[in-house]
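Source: prediction; values computed, not measured. Basis for what follows: all heavy atoms, side chains included, without hydrogens, waters or symmetry-related copies.
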Amino acid sequence: MAMDRRVFLVLLLAGCADTSPQGPLTAITPPSPAPRPQAPAPAPTVPATPVPAGELAFDTWLADFRARAIAQGLTPQLLDRELAGVTPDPKVISLDGRQPEFSKPVGDYIKGVISEDRVAVGRRKREELTFLPQLETRYGVPRDILLAVWAMESAFGQLQGNFDVVRSMVSLAADGRRRGWAEGELIAALRIIDSGEVSRAQLKGSWAGAMGQTQFIPSSYRSMAVDFDGDGRRDIWGSNADALASAANLLVKGGWKPGVGWAKEVILPAGFDYSLAEGPREVPSWWEAKGVRRADGLPWSAADAAQPAGLILPAGAAGPAFLALPNHFAIRKYNNSTSYALGIGLLADRFGGGEPPVTAWPMETPLSLSDRMAAQIALARLGFNPGPADGVVGAGTRKALREWQQNRQLPADGYMSSDMVARLKAQAGLQ
């Protein structure tokens with residue numbers, strides 16, 4: 001439905017394994033330079049204007065898609081009307097293929113997410129929006145979590161994106177990298193238009209098709225958007241109430257548990273087995289038996305004490321540690337990134353008057369794309385399978401790194417630091 005949600009999120013979350021189904025906000029790019037004057041073209045020969053292979057490929061895809069869409073129940077009239085004259089958007093294709101050269105360290109990301117200005121706006125909104133108590137009662141999702149989603153996805157509705165969602169989905173489907181997903185979202189967008197609920201002109205969003213104040217992709221809009229203000233429309237673009245209620249509905253369907261927290265910062269004892277990170281999910285008393293203590297020194301609530309919790313070390317052994325409760329993983333149904341879910345939770349805590357983590361975020365050097373890929377190549381060469389060498393340090397890469405760290409008798413926190421990259425490259429002979 002973030003699943004960028006949002007150019008600042010595209011760049012911000014890169015390297016944090018963001019696979020948000022919601023998609024990122026658009027990047028603000030400078031205007032293209034004026035075209036240079038061209039010399040007059042020579043007299044054409046036959047054929048005068050050969051069709052580029054890209055256009056032929058697009059026409060072939062469009063004809064094939066039309067047949068598949070009709071087979072799924074869309075009418076030829078709808079398809080002919082909405083797809084007439086459509087062309088791929090080169091900006092969408094460029095953004096989809098962009099892998100930022102450097103990944104932002106999680107501590108820098110969190111500091112960017114939780115600015116004092118954003119905290120001030122969120123605290124003001126939580127008092128001004130009179131529908132929030134009713135929303136909390138209906139869905140059981142705290143207002144601060146919803147406000148944090150709103151802040152992260154669209155800067156409280158200010159940055160929703162202005163791309164034609166149909167053209168964006170056409171571009172991504174025709175390009176082929178995510179064809180199955182994009183075609184499904186294109187069909188969902190066309191069904192929305194066909195229903196009359198939202199017009200083509202209103203169907204605006206990010207380059208990746210994420211729409212409105214809470215950045216829903218078309219399929220999520222169809223299945224989970226809510227008319228909370230009672231005006232007969234599910235308006236996630238113009239209605240704060242509809243947008244936040246829709247986000248609450250998504251979280252509930254993603255497993256949100258009312259009355260339960262999202263995570264608590266913890267302090268780990270000396271000699272702790274860091275390989276337990278991203279491993280077992282056990283009740284807090286199980287972790288306490290291993291010496292894990294809440295950083296704030298407070299006891300667990302009865303509701304939280306009964307929940308399975310998993311240990312996450314977003315910045316490795318040197319940074320803050322958290323026991324993530326089920327609601328952390330519900331947030332990740334919005335955007336499947338540990339850093340994103342952590343940002344939502346910590347921002348929500350600050351809206352409610354909470355303090356920053358007790359343990360400071362370490363100072364880190366951003367990892368280049370080439371270093372991240374080299375680390376993955378090194379792990380594979382050393383016999384530890386990180387998955388494809390794509391530069392995305394996700395769960396597979398972290399698991400392989402923990403196994404290598406254990407093999408080398410290092411703290412097995414699975415964190416890809418610049419020091420780990422250097423060690424891996426040296427051992428694998430990639431220096």
Side-chain angles (χ1 to χ4, degrees), residues 1-33 52 54-55 57-58 61-62 65 83 86-104 109 112-113 152-155 158-186 188-189 200 203-221 237 334-337 339-340 343 366-370 372-373 388 390-394:
M1 8 318 21
M3 224 207 185
D4 7 66
R5 282 143 210 115
R6 277 182 1 175
V7 169
F8 78 95
L9 282 179
V10 174
L11 300 179
L12 219 49
L13 292 174
C16 299
D18 179 2
T19 53
S20 166
Q22 303 307 317
L25 264 181
T26 65
I28 300 174
T29 56
S32 301
E55 291 184 21
F58 176 74
W61 167 80
L62 187 58
F65 170 76
L83 300 181
V86 70
T87 58
D89 187 337
K91 183 182 289 187
V92 168
I93 295 170
S94 173
L95 288 167
D96 187 51
R98 182 181 297 174
Q99 166 85 280
E101 174 59 26
F102 292 94
S103 66
K104 184 181 286 290
Y109 166 69
V113 165
M152 292 272 280
E153 295 298 328
S154 68
Q158 299 305 302
L159 300 173
Q160 299 185 35
N162 197 37
F163 282 76
D164 173 2
V165 170
V166 169
R167 189 183 183 200
S168 290
M169 293 299 99
V170 164
S171 304
L172 294 172
D175 186 52
R177 190 177 74 84
R178 295 188 287 168
R179 177 163 293 170
W181 172 83
E183 285 190 357
E185 293 306 317
L186 175 56
R200 171 75 174 270
L203 211 62
K204 301 293 186 182
S206 76
W207 65 265
M211 309 180 302
Q213 299 189 44
T214 43
Q215 295 289 278
F216 273 35
I217 54 176
S219 61
S220 296
Y221 175 86
W237 295 268
Y334 213 112
N335 181 322
N336 190 21
S337 161
S339 297
Y340 174 87
L367 295 180
S368 69
L369 175 59
S370 60
R372 300 194 307 271
M373 293 177 69
D390 56 7
V392 177
V393 182

For residues [X] and [Y], determine if any side-chain heavy atom of one lies less than 4.5 Å from a side-chain heavy atom of the other.
X    : Y    : result
I93  : P88  : yes
T214 : S154 : no
P366 : K104 : no
L172 : W181 : yes
M152 : Y340 : yes

Rounded to the nearest 0.5 Å, what's the gap from [atom1] on [X] to [atom2] on [Y]? Could you check?
X    : Y    : atom1 : atom2 : value
Q213 : Q160 : CD    : CD    : 5.0 Å
E55  : L62  : CD    : CG    : 12.5 Å
I217 : S206 : CD1   : OG    : 10.0 Å
M373 : L367 : CE    : CG    : 13.5 Å
D390 : L369 : CG    : CG    : 9.0 Å
R167 : L186 : CZ    : CG    : 13.5 Å

TODO: Please confirm whether the backbone N or O of A174 pairs with a side-chain atom of R179, one donor and one acceptor, at under 3.5 Å?
DONE: yes
Task: Under 3.5 Å donor-acceptor, S171 side chain and D89 backbone - done: yes
Task: Under the side chain to side chain donor-acceptor pair (under 3.5 Å) test, residues paired with S370 that sit two or more places apart - done: S368
Please name the pair of heavy atoms, one in [X] and one in [Y], separated by the smallest distance, quoted to 0.1 Å.
X    : Y    : result
G209 : P218 : O-CD, 3.5 Å
F163 : S168 : CB-OG, 3.6 Å
G343 : V113 : O-CG1, 4.0 Å
A173 : E183 : CB-CG, 3.7 Å

- [ ] Tell me whether the centres of the aromatic rings in Y221 and W237 are closer together than 6.0 Å.
- [x] yes
TODO: Just do the side chain to side chain contact (heavy atoms under 4.5 Å, CB included) check on V166 and R200 with the steps written out, would you?
DONE: CA-CA 8 Å; V166 169; R200 171 75 174 270; 3.5 Å; yes
Open item on the list: Just by distance, no angles: are the side chains of E185 and S219 close enough, under 3.5 Å, to form a donor-acceptor pair?
Closed with: yes
Task: Residues forming a ring pair (Phe, Tyr, Trp, His ring centres under 6.0 Å) with W61, sequence neighbours excluded - done: F58, F65
Task: Salt-bridge criterion met for D164 and K204 (N-O under 4.0 Å) - done: no
